[in-house]
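Report on the structure given below.
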Amino acid sequence: MSHVLNCKIISHRRVGADCRRLVLAAPQVAQAARPGQFLHVRCGGTADPLLRRPLSIHDVDQEQGLVTLLYRVVGRGTALLAARRSGERVNVLGPLGRGFAPPPAHRRVALIGGGLGIAPLLFLARELVKEEREVWVFHGARTAVELGCADFSVLPVQLLVATDDGSAGHAGSVVGLFRESAAKMRPDWVAAAGPHGMLRVLTSEMRRLDLPGEVSLEERMGCGIGGCVCCSCRIGAPGNWQYRRVCADGPVFAAAEVVWE
Amino acid sequence: MSVATAVEIAGLKLKNPVMTASGTVGFGEEYAPYLDLSKLGALVIKTVTLRPRAGNPPPRIAETPAGVLNAVGLQNPGVEVLVRDVLPRLARFEVPVIVSIAGETVDEYARLAARLEGVPGIAALEVNISCPNVKAGGIAFGTHPDMAAEVVAAVKRHTGFPVIVKLSPNVTDIRTIALAAAGAGAGALSLINTLSGMVIDVERRRPLLGNVSGGLSGPAIRPVAVRAVWQVYQAVNLPLIGMGGIMTARDALEFIMAGARAVAVGTANLVNPGAAGEVAAGLARYLEEQGIADINELVGVAHRAEGGTAD
Ligand SMILES: Cc1cc2nc3c(=O)[nH]c(=O)nc-3n(C[C@H](O)[C@H](O)[C@H](O)COP(=O)(O)OP(=O)(O)OC[C@H]3O[C@@H](n4cnc5c(N)ncnc54)[C@H](O)[C@@H]3O)c2cc1C
Ligand SMILES: Cc1cc2nc3c(=O)[nH]c(=O)nc-3n(C[C@H](O)[C@H](O)[C@H](O)COP(=O)(O)O)c2cc1C
């Protein structure tokens with residue numbers, strides 16, 4: 001069950017280069033949320049900018065009733081959000097969408113995040129670790145500083161990093177890093193999020209390796225609950241696909257079913 | 001004080017004047033967790049067509065100053081699925097359901113009306129002759145008085161339901177279309193549909209929307225919509241359903257005072273899924289606060305000469 005909630009900001013910190021980690025008091029969300037789901041966030045309080053902004057749930061603390069978002073300041077909405085201080089309230093709608101559903105039989109899971117695509121993967125890693133699965137996290141960013149936005153050190157996972165400028169870890173794309181490591185680690189399932197281009201290359205790599213998994217998609221969104229059918233993506237097989245709603249049918253889809261433009 | 005909020009539109013009695021605007025809440029089901037649909041005057045559902053429509057390629061929505069531009073392209077499962085699966089599911093919400101229809105030809109409108117005739121769970125038809133996001137039909141009928149009249153007459157021949165005609169603002173004089181629709185037998189008019197517009201993505205140096213252009217809605221268009229209601233109220237003696245950027249009860253009052261007997265909440269639902277219910281509650285509160293016994297007293301009140309008495 002999702003709700004419209006005015007959540008108190010518990011903390012709001014700058015992390016990485018131009019990112020923020022926002023911790024909200026949201027017990028209902030913390031109870032209900034699944035990894036891969038998102039909150040639809042009202043960044044300002046007025047009619048301009050009008051729409052909510054979808055942000056993945058980065059982490060959840062059920063005991064304390066806290067929900068963490070991790071976002072990059074890219075435009076007006078996220079800039080307005082970044083100006084909000086601890087103690088203020090933020091209006092959110094959620095948790096929304098269909099999250100990751102790793103089948104129980106798969107025990108060796110690779111999580112691959114490009115840029116802010118890393119956001120939903122911490123929450124997912126936490127759940128997978130609870131289920132005693134082996135988890136590799138591949139985190140790609142433009143620079144070493146940007147890698148600092150997410151902290152996986154709190155979890156017993158293996159972290160591999162890639163940067164575009166070579167300032168940390170593998171120099172180049174996170175998909176390239178995954179390709180190099182896959183033979184050694186032999187994952188049996190993949191979950192990924194990030195820019196379209198990265199996911200497209202990754203899914204063709206997964207097809208080549210015959211690896212199942214899921215990807216989280218982004219599309220410009222209206223209501224976030226499936227009513228306005230604005231955030232469409234193509235799901236099915238090439239030549240036989242349908243438009244599905246990223247907000248309500250996704251944002252997580254089987255990697256093999258995404259039909260890229 | 002108990003206040004009367006009921007209104008009558010084309011013979012249809014509504015418990016209050018607040019509806020959803022077509023296409024902004026799908027078939028209403030997604031909104032049920034956030035919005036008590038039974039507290040609305042009516043639920044106007046997403047426009048349906050004769051055959052299923054896939055809709056336009058994404059992106060389908062762009063934010064604009066105090067508004068949004070959409071180019072969904074009438075994605076819908078088609079009238080057969082509506083009748084077989086959707087309408088039976090909507091019965092439990094206990095709200096009058098208004099079915100919006102659109103065709104590519106006059107004949108398609110007629111066949112839609114015929115297919116829906118007598119189907120249980122329908123309170124009225126809204127004839128969408130004003131969608132700017134499809135290549136054939138849609139807005140073409142809403143911009144020529146003769147074609148508008150032809151569509152309305154064809155629908156009227158095939159239905160016993162009240163017929164509401166939804167007008168486009170993308171015309172030189174909306175009154176000519178309103179008069180044509182009225183002459184052809186419309187029982188009420190909905191106005192306005194979205195304004196045609198577009199956004200360029202400067203980074204990509206390309207149109208932002210997959211469909212190139214789209215329809216503008218939200219607070220940005222409210223003054224345009226209020227003016228349209230004002231003009232049509234003066235020209236045509238039919239009940240009007242006003243819409244365009246209604247976010248609050250106060251916004252709805254502008255439309256009612258300009259001459260709308262009912263209002264529809266559209267883009268606001270995308271921001272606040274409870275918006276339509278809040279507008280309905282806010283209108284009742286306003287009547288109480290102002291000591292107005294019946295909301296109908298406010299319809300068109302802004303037209304009356306200052307100091308003049310209500311007619
Ligand atoms: C399901 C989902 C989960 C997401 N999770 C995260 C996250 O955890 N962290 C994060 O930093 N970003 C995330 N994003 C992207 C984030 O929504 C956009 O960066 C944000 O909406 C930009 O808003 P803005 O006003 O700052 O930018 P502007 O460019 O000014 O926004 C203008 C409009 O475009 C939309 N828009 C712009 N970029 C995107 C995008 N990439 N995807 C969808 N809509 C966009 C905005 O929502 C807004 O409607 C997610 C997107 C989706 C769809
Ligand atoms: C996402 C979206 C989809 C829409 N789809 C339809 C539709 O299918 N049929 C229709 O008659 N109007 C459609 N409209 C127009 C609205 O019903 C309404 O006339 C218009 O948006 C103005 O009202 P608003 O500013 O309150 O949204 C749509 C509007 C939006 C924003």
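Chain letters run A, B, ... following the sequence lines, proteins first, then strands; residues in each count from 1.
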Looking only at heavy atoms, which of residues 196-205 of chain A get nearer than 4.5 Å to chain B?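 The stretch does not come within 4.5 Å of chain B.
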
[X] versus chain B, the contacting section by heavy-atom distance below 4.5 Å:
X        : answer
A/Arg42  : side chain
A/Arg244 : neither
A/Leu51  : both
A/Thr46  : neither

Does CZ belonging to B/Arg204 count more than 12 external heavy atoms closer than 6.0 Å?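 Buried by this count: over 12 neighbours within 6.0 Å.
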
For A/Gln62, I'd like to know if atom CD has over 12 heavy atoms of other residues, nucleotides or ligands within 6.0 Å. yes

Under 4.5 Å from a heavy atom of chain A, the part of B/Val25 involved: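 Just the backbone, heavy atoms under 4.5 Å.
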
At a 4.5 Å cut-off on heavy atoms, which part of B/Leu208 comes close to chain A: side chain, backbone, both, or neither?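 Answer is side chain: those atoms of B/Leu208 sit under 4.5 Å from chain A.
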
Less than 3.5 Å apart, any donor N or O on the side chain of [X] or [Y] sitting next to an acceptor on the other?
X        : Y        : value
A/Asp165 : A/Ser167 : yes
B/Thr47  : B/Ser100 : yes
B/Thr267 : B/Asn269 : no
B/Thr49  : B/Asn76  : yes
A/Ser2   : B/Tyr34  : yes
A/Asn91  : A/Arg52  : yes

Show the numbers, then the answer: is there a side-chain contact (heavy atoms from CB on, under 4.5 Å) between B/Ile164 and B/Val127? CA-CA 6 Å; B/Ile164 302 163; B/Val127 185; over 6 Å; no

Among [options], residue most engaged with chain A (heavy-atom pairs, under 4.5 Å):
options                             : answer
B/Gly55, B/Pro58, B/Gly26           : B/Pro58
B/Pro33, B/Ala66, B/Gly23, B/Gly274 : B/Ala66
B/Gly73, B/Gly210, B/Pro273         : B/Pro273
B/Met247, B/Gln75, B/Glu30, B/Glu63 : B/Glu63
B/Ala268, B/Pro57, B/Gly218         : B/Pro57

Considering all heavy atoms, the nearest A/Cys247-A/Gly226 contact: SG-N, 3.2 Å

Face-on cation placement of A/Arg21 at A/Tyr71 ring, 6.0 Å and 45° thresholds: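 Cation-pi check for A/Arg21 and A/Tyr71: fails.
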
Under 4.5 Å, heavy atom to heavy atom, which residues of residues 78-95 of chain B contact chain A? none

Worked verdict on B/Asn193 versus B/Ser130 for side chain to side chain donor-acceptor pair (under 3.5 Å): CA-CA 6 Å; B/Asn193 209 318; B/Ser130 45; 2.9 Å; yes

Starting from the C-alpha separation in whole Å, work towards a yes-or-no answer on salt bridge (charged side-chain N to carboxylate O under 4.0 Å, His left out) for A/Glu257 and A/Arg234. CA-CA 8 Å; A/Glu257 290 186 352; A/Arg234 307 197 301 183; over 6 Å; no

Would B/Asp201 and B/Arg206 satisfy salt bridge (charged side-chain N to carboxylate O under 4.0 Å, His left out), going step by step from the backbone distance to the final call? CA-CA 5 Å; B/Asp201 181 340; B/Arg206 301 278 311 135; over 6 Å; no

Pick whichever of A/Ser232, A/Gly77, A/Ala47 has the most heavy-atom pairs under 4.5 Å with chain B.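 The candidate making the most pairs under 4.5 Å is A/Ser232.
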
Side chain A/Arg245, main chain A/Ile225, donor-acceptor under 3.5 Å: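 Not at all, since once roles are kept as given, no pair shorter than 3.5 Å links the two residues.
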
